[in-house]
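This report refers to the structure that appears directly beneath it.
The chains referred to below are lettered A, B, ... by the order of the sequence lines, with proteins before strands, and numbering in each begins at 1.
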Amino acid sequence: MIRSHRSSAVSLELSPTLARAIRRKLLRWYDDHKRDLPWRSRSTDAYAQWVAEVMLQQTQVDTVIPYYERFLKRFPTVETLAAASLDDVLTLWQGLGYYRRAVNLHRGAGYVVRIGGMPRSSTCLQEIPGIGRYTAGAIASIAYGERVAAVDGNVARVLSRLFYIDSPVSDRDTQKRLWTTADHLRPRQRCGDFNQAWMDLGSAICTPNAPRCDLCPLIRECVGFQAGVAASLPVKTAKKTVPETHHVVAVVKSRGAYLITKRPTGGLWGGLWEFPNRSCPVESGAKTVLNSLLDCLGFDGATQPRRAGVLSHRLTHRLMHFETFVIQPSRRNGVGLDGDYSWAKTIELNERALSTASRKIFALANKLTHTQS
DNA sequence: AATGCGGGGAC
DNA sequence: GTCCCAGCATT
């Protein structure tokens with residue numbers, strides 16, 4: 001019975017014979033179809049693998065590649081990264097998202113240099129901030145040849161189909177089972193290649209939608225395919241509706257430079273620069289909130305704000321609306337503008353770490369300026 | 001166990 | 001529009 005098969009222990013559904021067949025077929029397929037990716041040309045460089053794996057967290061390969069090339073060119077070694085300023089690291093990271101990754105990478109580089117080099121095992125790698133079980137397994141198996149599993153979204157999808165695992169993939173028990181299954185499948189040799197083979201298979205064949213089962217090297221072993229349910233796996237839990245928030249933004253321009261401020265590290269866009277702004281519960285109250293913001297910045301009512309429009313920006317977990325105003329005061333009479341504030345000309349702005357939302361706000365403000373001038 | 005954390009590619 | 005992506009840290 002299918003059901004009893006599915007609910008049986010891994011050791012029962014994964015016989016040594018089956019495990020051997022899966023290893024052999026997947027590695028053979030990988031030898032013929034592996035992608036040519038930048039980090040694969042330096043697979044023994046644990047630092048290079050670390051950078052790649054962190055960038056690839058929740059981020060697609062094609063998005064990462066140009067960032068990776070720039071990053072490794074600028075910071076070719078962990079020592080060069082440790083010696084850099086966080087601002088410079090974030091500038092290279094801008095647009096890639098999840099900026100805590102860059103902060104942790106920079107912090108981690110300092111840690112690695114202090115302890116005299118990259119940790120040499122999957123377990124020790126997890127002492128580095130931003131490296132969890134998956135990333136540690138990937139780095140250790142690829143760079144060191146350690147025999148350790150690495151279950152990411154790709155592997156979870158392939159394994160859930162291969163073994164018809166239909167409990168919600170985010171559940172703890174499901175995750176535990178996936179890792180246990182991956183542990184059983186680890187080959188004694190080429191574990192790094194094996195881990196990457198899952199990912200290439202998940203990218204090219206065992207895709208989230210409309211998997212190409214006809215091309216899959218594991219079609220004969222795939223219980224999900226045999227049952228005709230491969231495309232509906234893994235089972236994901238419904239997502240909740242994202243909250244909507246409104247904000248007012250002051251793009252203050254004086255003598256060709258713009259007033260920007262640095263966000264505190266930790267939260268959304270932590271450590272990045274942006275134009276002064278405030279949350280605004282109701283859109284209709286924008287003018288009041290703007291005046292309050294300008295007061296705090298030290299720009300009084302003598303400067304006439306001009307409304308540039310509303311910029312909407314969608315994140316995975318939030319929909320944000322920025323009602324944008326341009327202010328051109330006659331004097332830079334701002335008060336309390338400490339180290340977290342700065343004036344930056346357009347060309348300097350391009351070298352600062354700004355969020356994509358801030359870039360879009362800047363474009364909107366510039367459109368107004370050029371239209372009216 | 002649930003939530004916060006970006007942005008873009010694919011459909 | 002929707003879904004999802006080489007996850008991790010925090011609570």
Side-chain angles (χ1 to χ4, degrees), chain A residues 35 37-40 43 49-68 90 93-105 107-108 125-142 149-158 168-176 178-179 182 192 194-204 206-211 231-232 234-243 245 263 265-272 274 312-320 353-360:
Chain A
R35 289 173 289 181
L37 300 171
W39 41 91
R40 288 185 174 166
S43 60
Q49 295 307 311
W50 176 24
V51 173
E53 290 300 337
V54 171
M55 283 188 173
L56 286 162
Q57 289 168 3
Q58 295 294 288
T59 310
Q60 295 179 358
V61 166
D62 288 342
T63 303
V64 164
I65 288 176
Y67 283 90
Y68 180 80
L90 284 172
W93 205 276
Q94 64 172 312
L96 197 54
Y98 288 146
Y99 298 95
R100 179 77 66 88
R101 295 184 294 177
V103 176
N104 283 336
L105 196 58
R107 266 181 58 206
L125 281 167
Q126 293 186 56
E127 298 299 316
I128 296 175
I131 295 187
R133 189 176 178 185
Y134 161 75
T135 304
I139 297 171
S141 64
I142 295 168
V151 177
D152 70 332
N154 280 303
V155 179
R157 184 173 61 252
V158 177
V169 68
S170 58
D171 282 4
R172 258 192 160 63
D173 290 345
T174 309
Q175 283 293 313
K176 187 175 178 183
L178 289 168
W179 277 94
F194 189 70
N195 287 337
Q196 293 179 91
W198 289 121
M199 302 177 201
D200 281 19
L201 188 73
S203 166
C206 199
T207 52
N209 309 303
S232 66
V235 173
K236 307 244 176 180
T237 52
K239 60 181 188 330
K240 12 180 289 185
T241 59
V242 303
T245 57
R263 294 179 65 93
T265 54
L268 182 67
W269 296 317
L272 273 63
E274 67 180 6
S312 296
H313 189 71
R314 181 178 294 280
L315 307 177
T316 301
H317 59 295
R318 196 179 306 182
L319 176 57
M320 308 177 78
L354 263 63
S355 69
T356 298
S358 296
R359 296 264 170 225
K360 287 153 75 175

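Taking only distance into account, the side chain of A/R35 meets the base of C/dA6 through a donor-acceptor pair shorter than 3.5 Å. Side-chain to base pairing of A/T59 with B/dG8: no donor and acceptor N or O lie closer than 3.5 Å to each other. One donor-acceptor pair, N or O on each side, does fall under 3.5 Å between the base of B/dG6 and the side chain of A/T316.
Rounding to whole angstrom units, CG of residue A/N154 and C1' of C/dG7 are separated by 12 Å. At whole-Å resolution of the value, CZ in A/F194 and C1' in C/dA6 are 16 Å apart. One atom, CG of A/L315, and another, P of B/dG4, lie 12 Å apart when rounded to the nearest Å. Look at CD on A/Q175: it is 13 Å from P on B/dA2, rounded to the nearest Å. Rounded to an integer number of Å, the gap from CD1 of A/I139 to P of C/dG7 is 13 Å. Summarising the geometry, the separation between OH on A/Y99 and P on B/dG4 is reported as 19 Å, rounded to the nearest angstrom. Rounded to whole Å, the distance from CG on A/D62 to C1' on C/dA6 is 13 Å. Between the OH atom of A/Y98 and the P atom of B/dG6 there is a distance of 7 Å, rounded to whole Å.
Distance from the side chain of A/Q60 is smallest for C/dC5 among the nucleotides B/dA1, C/dC5, B/dG6. In this structure, the nucleotide among C/dC8, B/dG6, B/dG8 sitting nearest to the side chain of A/W269 is B/dG6. In the set C/dA6, B/dA1, B/dG6, B/dA1 carries the atom at the smallest distance from any side-chain atom of A/R172. Each of C/dC4, C/dC8, C/dA6 was ranked by its minimum atom distance to the side chain of A/W39; first place goes to C/dA6. In the set C/dA6, B/dT3, B/dG7, the nucleotide with an atom closest to the side chain of A/K240 is B/dT3. Here the nucleotide nearest the side chain of A/L37, chosen from C/dA6, C/dC8, C/dC5, is C/dA6. Considering only the side chain of A/L268, B/dG6 comes nearest among C/dC4, C/dC8, B/dG6. Of the listed nucleotides (B/dC5, C/dA6, B/dA1), C/dA6 has the atom at the smallest distance from the side chain of A/D152. Distances from the side chain of A/Y134 to the nucleotides B/dG6, B/dG7, C/dC8 place C/dC8 closest.
Note on A/Q57: every side-chain N or O is 4.0 Å or more away from OP1 and OP2 of C/dG7. A sub-4.0 Å separation between OP1 or OP2 of B/dA1 and a side-chain N or O of A/K176 is absent. For the OP1/OP2 pair of B/dC5 and a distance below 4.0 Å, the side-chain nitrogens and oxygens of A/H317 include at least one atom meeting the criterion. A sub-4.0 Å separation between OP1 or OP2 of B/dG7 and a side-chain N or O of A/Y67 is absent. Using a 4.0 Å cut-off, some side-chain N or O of A/R318 falls inside it from OP1 or OP2 of B/dC5. OP1 and OP2 of B/dG6 both lie 4.0 Å or more from every side-chain N or O belonging to A/H313. Between A/T356 and B/dG6, a side-chain N or O to OP1/OP2 separation shorter than 4.0 Å is absent.
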Return all side-chain donor-acceptor pairs below 3.5 angstrom for residues 125-136 of chain A, not counting sequence neighbours, or 'none' if the list is empty.
{"unit_1": "A/Y134", "atom_1": "OH", "unit_2": "A/E53", "atom_2": "OE1", "d": "2.9"}
{"unit_1": "A/T135", "atom_1": "OG1", "unit_2": "A/Q57", "atom_2": "NE2", "d": "3.0"}

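Contact annotation for A/G95: backbone-only contact, meaning every heavy-atom pair under 4.0 Å involves sugar-phosphate atoms and none involves a base. Among the heavy atoms of the strands lying under 4.0 Å from A/S355 are primed sugar atoms or P, OP1, OP2 only; no base atom is included. Residue contacts for A/V61: at a heavy-atom cut-off of 4.0 Å it reaches a base atom on one of the strands shown. Among the atoms of the strands shown, only primed sugar atoms or phosphate atoms (P, OP1, OP2) are found under 4.0 Å from some heavy atom of A/R157. If you check every strand for non-hydrogen atoms under 4.0 Å, A/L96 touches a base.
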Between the protein and nucleotides 1-3 of chain C, list every N/O to N/O distance that falls short of 3.5 Å.
{"unit_1": "C/dC3", "atom_1": "OP2", "unit_2": "A/K239", "atom_2": "NZ", "d": "2.1"}

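Residues A/N154 and A/R157 bring a donor and an acceptor atom of their side chains to less than 3.5 Å of each other. Between the side chains of A/S358 and A/R263, no donor-acceptor pair is found at a separation under 3.5 Å.
Using a 4.5 Å heavy-atom threshold, the side chains of A/I142 and A/W39 count as separate. Contact check for A/W50 versus A/L105: side-chain heavy atoms found under the 4.5 Å cut-off.
Taking the nucleotide of DNA chain C with the nearest heavy atom to each of A/R100 and A/R40, the more 5' of the two is matched to A/R40.
Under the side-chain hydrogen bond (donor to acceptor under 3.5 Å, both in side chains) criterion, A/S312 pairs with A/H321, sequence neighbours left out.
Atom CG of A/L319 is separated from atom OG1 of A/T241 by 11.0 Å, given to the nearest 0.5 angstrom.
Comparing the P positions of B/dC11 and C/dA6 gives an interatomic distance of 14 Å, to the nearest angstrom.
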